[in-house]
Amino acid sequence: MNPKEEKVKIITEEFDENDEDTGVGSQKKTSKMARQERKKRLPAAGPEEMVSENPHLGNQPEPLQEDSDTRPLSMTTRRGPRSLPPIPSASRTGFAEFSMRERMREKLQAARSKAESTLLQEIPTPRPRRFQSPGEKELETEFGAEPGEEAQKTEQEDDSQSRSRVKFRDSVRKIKTKPPVPPGFPSAEEAYNFFTFNFDPEPEESEEKPKAKNRDGTTQEEEEGEEEEPPVQGIHKTDEQLLISATEAEAFLWGLDHAAADFVAVRPADYESAHVRLQMEKELLFVPSRLTVPTYKKLPENVQPRYLEDEGLYIGTRPDVPRTCQNIMENRLLTQEPGRRWFGDDGRIVALPNPIKPFPSRPPVLTQEQDFRAELETLYKKAVKYVHRSQHMIGSGDSPGNFQLDIDISGLIFTHHPCFSREHVLAAKLAQLYDQYLARHQRNKAKFLTDKLQALRNAVQTGLNPEKTHKSLDTTQKTINEYKSEIRQTRKLRDAEQEKDRMLLKTIIKVWKEMKSLREFQRFTNTPLKLVLRKEKVDQKADEEAYEAEIQAEISELLEEHMEEHEQKMEAYRAAYQQWKAWKKAQRAKKKKKKQAVEEHPEEEMGEPYPEEDPVKPVPPEPTDRTLMEHQVRERAARSRRRPGEPLLVPELSLAGSVTPNEQCPRVEVLRREDVKRRSIYLKVIFNDKEVSRTDSRPLGADFRVHFGQIFNLQIFNWPESLTLQVYETVGHSGTTLLAEVFLPIPETTIVTGRAPIEEVEFSSNQHVTLDHEGVGSGMPFSFEADGSNQLILMTSGKVSNSVAWAIGENGIPLIPPLSQQNIGFRSALKRADAISSIGTSGLTDLKKLAKWAAESKLDPNDPNNAPLMQLISVATSGESYVPDFFRLEQLQQEFNFVSDEELNRSKRFRLLCLRSQEVPEFRNYKQIPAYDREIMEKVFQDYEKRLRDRNVIETKDHIDPHRAMVAKYLQQVRESVINRFLIAKHHFLLSDLIVEEEVPNISILGLSLFKLAEQKRPLRPRRKGRKKVTAQNLSDGDIKVLVNIIRAYDIPVRKATASKFQQPSRSSRTFSEKHAASPTTHSPTHSADYPLGQVLVRPFVEVSFQRTICHTTTAEGPNPSWNEELELPFRAPNGDYSTSSLQSVKDDVFINIFDEVLYDVLEDDRERGSGIHTRIERHWLGCVKIPFSTIYFQAKIDGTFKIDIPPVLLGYSKERSMIIERGFDSVRSLSEGSYITLFITMEPQLVPGESVREKFDSQEDEKLLQATEKFQAECALKFPHRQCLTTVTDISGKTVFITRYLKPLNPPQELLEACPNNPQATAELVARYVSLIPFLPDTVSFAGICDLWSTSDQFLDLLAGDEEEHAVLLCNYFLSLGKKAWLVMGSAIPEGPTAYVLTREQSHYLIWNPCSGHFYGQFDTFCPLKSVGCLIGPDNIWFNIQRHDSPLRINFDVTKPKLWKSFFSRSLLYPGLSSVQPEELIYQRTDKAAAAELQDRIEKILKEKIMDWRPRHLTRWNRYCTSALRHFLPLLERSRGEDVEDDHRGELLKQLGDYRFSGFPLHMPYSELKPLIEAVYSTGVHNIDVPNVEFALAVYIHPYPKNVLSVWIYVASLIRNR
Amino acid sequence: MAAAGPSVFLLMVNGQVESAQFPEYDDLYCKYCFVYGQDWAPTAGLEEGISQITSKSRDVRQALVWNFPIDVTFKSTNPYGWPQIVLSVYGPDVFGNDVVRGYGAVHLPFSPGRHKRTIPMFVPESTSKLQKFTSWFMGRRPEYTDPKVVAQGGGREVTRVRSQGFVTLLFNVVTKDMRKLGYDTGPSDTQGVPGPSPPPGLPL
């Protein structure tokens, strides 16, 4: 509001000036007051007056009519419609509710804006009115002002009131008749105009005034003043009204009037003309011109623009900016920044080159679809075959990879054959000579030497040239001399070569002549050979000149040489002459002296000359005779060289001649030819002394050539040691004879298929053949002469043309075995001669090395043989092609390495993370790897590093026997490799691994489920429900328990009378019949009498130990005790790792030991017996059952009756025969004597056993066979899903092998066969025992993850460890070799679960052999551990059990009945005759007895130490006497295999140790490691006796069997002296 | 220890399994569990849970609301194996057998703050039409052997799944010592710093 008011003031003041109206000052004050008043009054007064003073309307407009009359034309059209929109918004809610003032203000504003817009839009229109309206207004104001303030008061009041009212009413009307406001509508329009009239003038005038101004060109001030004028008038008018109302002195009316005046006053001040603004802007703003700036303005004074571009300097493309923009910028810069720093020398704005790249850096998206695909095409690479570690194989020697050697045998040519006729012999000779000629011609050595000679001569010539030799005379002289000597040598060589060439040519001609004469003589031709001598004319003159020049040169050289020689000789002569002269002089002087002296001593003179020899006067050397020399040279030239002018003779051998047909030949010749026809040749390819393939047999041609043209691709594993071709000849239908062997060189690794040249390898044989026809035979003398002189002996010989090369794989890599495999030794002799072999093929790429070699070996750079090499070297050394000595695949890698590799490797945390991710066993489950290196202890890695270090170190500490140590190491390695394979396989999932899905029900299941619906909810006989299985994941120590339920035992040995009372064992005489006769009731009383405390026969209890935790049952009584107790043993997994793979590899055993509890009275004094009982409890070990944890883990529960492993000798115990048992069974039953225990073992909670790995292994089996096996297995599984059916197994190198290949008769050790030659049963038992002595090592333990690897019998014997299958296979093979009918039985047994047994057919019955224990059972033996039979496997077939039952007791083993046994090979699929994987025969080394003895001593020592360790609180005394007695006894036990010696032994022992109470027993085990032995001794608990005066005896005996199979006997005993 | 700097960082997550959208099914309940790497260990809270059965709301949203709280704290030395929450939703089919209605998994959010996640859920498909029918009839739909499979990549190539429904989860994440160990997951620090002023280029 304030600016408006101010404006009002200004306006009024101006008004005063202009109109000279006084008294306005007071008006101003009142107007303000009135306005304020009006604000208060308006809301209340409005409505009333409106209603009451409607009639005024008619009167009021009239005085203003002039205005409205003139206006409507323009105003209504322009303003009427426009003014409408703002009003409705204000008047909608009605004036009664709405603030009047608000509405007024809105109207005001709307009107103002309209005025402004019209002002801007319609400049020309209002011009005619310009004079009119001011005048009117003038009038109007005068009309209002002139009457005087006092007189006109009321009228004015009415007026003003009515005006405001009209307005109100008008707004009301607008609500009603808003949309159509026709221009002609009288009342509304008029009324409106009446009101708007007040507003109108200002815009009108303000718009007109600038016009006038423009026209008049008046100053701005004037314009402004004029501009202000109209509002002043308006205000003035209202002011008048205000004055009137003020004089009226009615407060509320006052206010009303002033309100109206207020609106009027505010409006015009708001307006600001665009023109004015422009003017103002002109002052404030700067608009640069768009015109181009002349260049001189932009440059400093008097400076010409300089265009760098024209001067040839590069300036980048300037960014593209429109010209106008540039101009604007330039103008601006010029005015704003006076400095010209923005302008360059060329007068343009300085600009950087256009930063926009001309082409996109993103690869262009190709529109064409095909190209697009080509860009994104996937590159398929062939999968790289996983080469597993089989170099560790001991038994089998095949190595990984398959490499290929291509042998191309193109043909065979005989250079001599027995069937050669004489002509053939000559022809062969001719051909040979011709070949030689061709070869020589090819090499053209003479030419080369001539050239060399020429070059050397030139060199000498230039060397002699004084200009060039100014450097150092010495060296040049030296080189010239060298050259000269070389010239001499070369000349000699050249002459020799030339002579040879000439001789060869002569010989060829001679042989050809002979041949011609022979053909003439015999009157037929056998060979198509024909020699043509082609003469090449030569230019006689030139030739002669060359010849002469050559001779002259030679002569001059020779002369020179001779001169030199002469010179030297002369030198020598001169020297000699000087000497001689000196001597002469001396002589003369002497003579003189002598003469003088003669006079004095005449005799002396005589003797002087004699003692020293007179130097002979040197003969001056003769100067060389030129003519003589020339003669010599010419002679030599004539001999060796073509005479000048003589035509060049070029022999050409062709096969153009015709062979005389058979009819025209004599009979002998026809015979020969027929003989030739009957012969045919084939070649065998022998690789590493093994025949790998042979060529087809091809008939021998008349020309004695055989064409094969066959390529053999040898898929090889090993580096070839030798490669031989054997040439075989077949004559007619009689046998073949080996003609010769051709040894082929093994190709270099650089020779690959396609690059290998065809080579001819010669062969010859020394066989003697005489033929009765024209053929000359072999090794027989024959002659071409008629008289038989000049005899010739020719051997069969020939050439094989072949090429051997390495094949190239699909990806271009030659299939060559790695270099490491090569045996380098035998090639080293060749090394010096050949560049490639001396530095190796890899050296070829190392050019420096090559150049060095070339320099060292003084290669002749001119020799054409060396040409490519020299070129290569020159290129390499000149540096034209730079060959970097490294090759980097990712050359940018370094940029992306954020730390150096060393630093990364040093990081312990990184290492730990890597190892964990590789699933290295030590770190596989490492949790919470620390965040910082410093928090990782160094010892974390210690174990791992130690293991890595020890991998190759064989430690003998644990194993004692080095072989076992090696085997253990080997097993470890095999295991690691297998585990690695499984780790890979573990990441392959099947649908069933991830998703549980119900199988599609077949009819039977559907029926069953329907039946289930009808089932009783609470059946009378509830079925056992499976326990919930727990995945071994969130388990920790103590969560898993092994439950052992010991139910009962049968036939526990019973005590015998104590030794002191019985001198003779009571039961030694007991016979079989006696057993039957005796009754148990009679036994007990007799025995009870034997014991002092009236104890029963035996008081057994069971102690179960597992992982060194021991639990035991209560003591029962009698030989057939029943305990029915459950023992709970905690299970601890190694390292707290309860993952499946870890649990599988737990090797611990559950030992179930049966002890006899014996009470001894320790009372010394009988008198105290009444008051107290002092007894000592002793426990005597009776036997044990050992069950591996892995069996429990995989079987989930073990339920059955087991045979107790009772030592063969139990001193003080014997078997108590229970008549009840014996009565019920037949005689076969008695085969299985022994004690039995019934057990139930399980785990709580039940763990999910590991899944077997279903890796599909490669196989070398026929694909059809594999399909058949799958079909067979599927069929079998459909019928009897729980019966084991095995057709293929995995061998130790991881290949699938058909199972019958494992069965083949193999010879047992001879030693075993000789033991009981006439008792087959005993031999069989012995063999079984031998097999059982090979240590048992379950695959599941060694190979985590259930994977059965079958090793062949020789591998098994090499490894000396294996599981049931290997034992069974070996035993079965032995039985087969013994002539028995034997099968492998695949089935399940207790406690092993699925296992393999051996079935043999004796005369009338079948025997089932447990290969691991060596025991055998009759088919109907109830205690046979084999509980079900799945299939039988023989050497040539597999039979699946399709009988109703699978218990061996209830099935028929007759495999010939197809109703009972489904055979794999039948009439539909015949047995294809599969070769065995087993070796031809087994070779047994005798075991070193000394080593065994040593081992025996060491074991004994260690065991003794262990026993002492276990008794830390007691003194352990060893009874040496007893020990030696035991030691003697152990071999006896071995001999009798622990049977039937008890009584003798006992007697013997008792005799020796009469007054000792003795308790002890021998243990028998196969030897694998020391640990099981210690464990076994510990489990017997012998050391637990704590009687103070106890003594111990321990003896070890090792019986060596062939192949290092050791049978270990340990006799442990405790002795207590009887008092 | 505190002076030497922390050796583990902590991740505390609470929140809830809010609701689900399963347009075709009703009366669902859900289970959740966590899958995390070897370097992670839960220190507090429940690692798995099973919710109440919820019925669809009667309004247009048809939401299945559980509002089942999650509250767990992990500690770790290594962000590798960041915990994932695995959800499996079950409900009765037409015969009243409990069948699986969806599996889903999502990593717990890395950055502290409040996060809302909506996981699409899926179920394994039957291998054949016949199987599908029988599984529908018998009420034994194909299921994952272990719901944790859905948080792993291995072996998924042998399965086929169908998507059905969504589950919305709300997490409030608090971390401790992450930055001290060099893992910066939070919002950037540069909020207060004014951005670099535009370089004085050419006055065009």
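Every chain is numbered from 1 and lettered A, B, ... according to where its sequence line falls, protein lines coming before strand lines. What's counted below: heavy atoms across the whole structure, side chains too, no hydrogens, waters or symmetry copies.
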Taking salt bridge (Lys or Arg N to Asp or Glu O under 4.0 Å) as the test, write out the residues that go with [X], two or more places apart.
{"X": "A:R916", "value": "B:D39"}
{"X": "B:R156", "value": "none"}
{"X": "B:R117", "value": "none"}

Seminar exercise, completed: chain A shares the most heavy-atom pairs under 4.5 Å, among B:R141, B:K75, B:E143, with B:E143
Exercise. Looking at B:S135, B:S126, B:G182, which makes the most heavy-atom pairs under 4.5 Å with chain A?
Worked result: B:S126
Exercise. Chain B heavy atoms under 4.5 Å from A:L913: which part of the residue, side chain, backbone, both or neither?
Worked result: side chain
Crowding at [atom1], [X] (>12 non-hydrogen neighbours, <6.0 Å):
{"X": "A:R909", "atom1": "CZ", "answer": "yes"}
{"X": "B:Y80", "atom1": "OH", "answer": "no"}
{"X": "B:E47", "atom1": "CD", "answer": "yes"}

Exercise. What part of B:T159 is in contact with chain A, defined as an atom under 4.5 angstrom from a non-hydrogen atom: side chain, backbone, both or neither?
Worked result: both
Exercise. Of the backbone (N, CA, C, O) and the side chain (C-beta and beyond), which part of B:K132 lies under 4.5 Å from a heavy atom of chain A, both, or neither?
Worked result: neither
Seminar exercise, completed: Here the pair of heavy atoms bringing A:A931 nearest to B:L181 is CB-CD2, 3.8 Å
For this session: Under 4.5 Å, heavy atom to heavy atom: which of residues 160-177 of chain B reach chain A? Give them by number, or say none.
Result: none
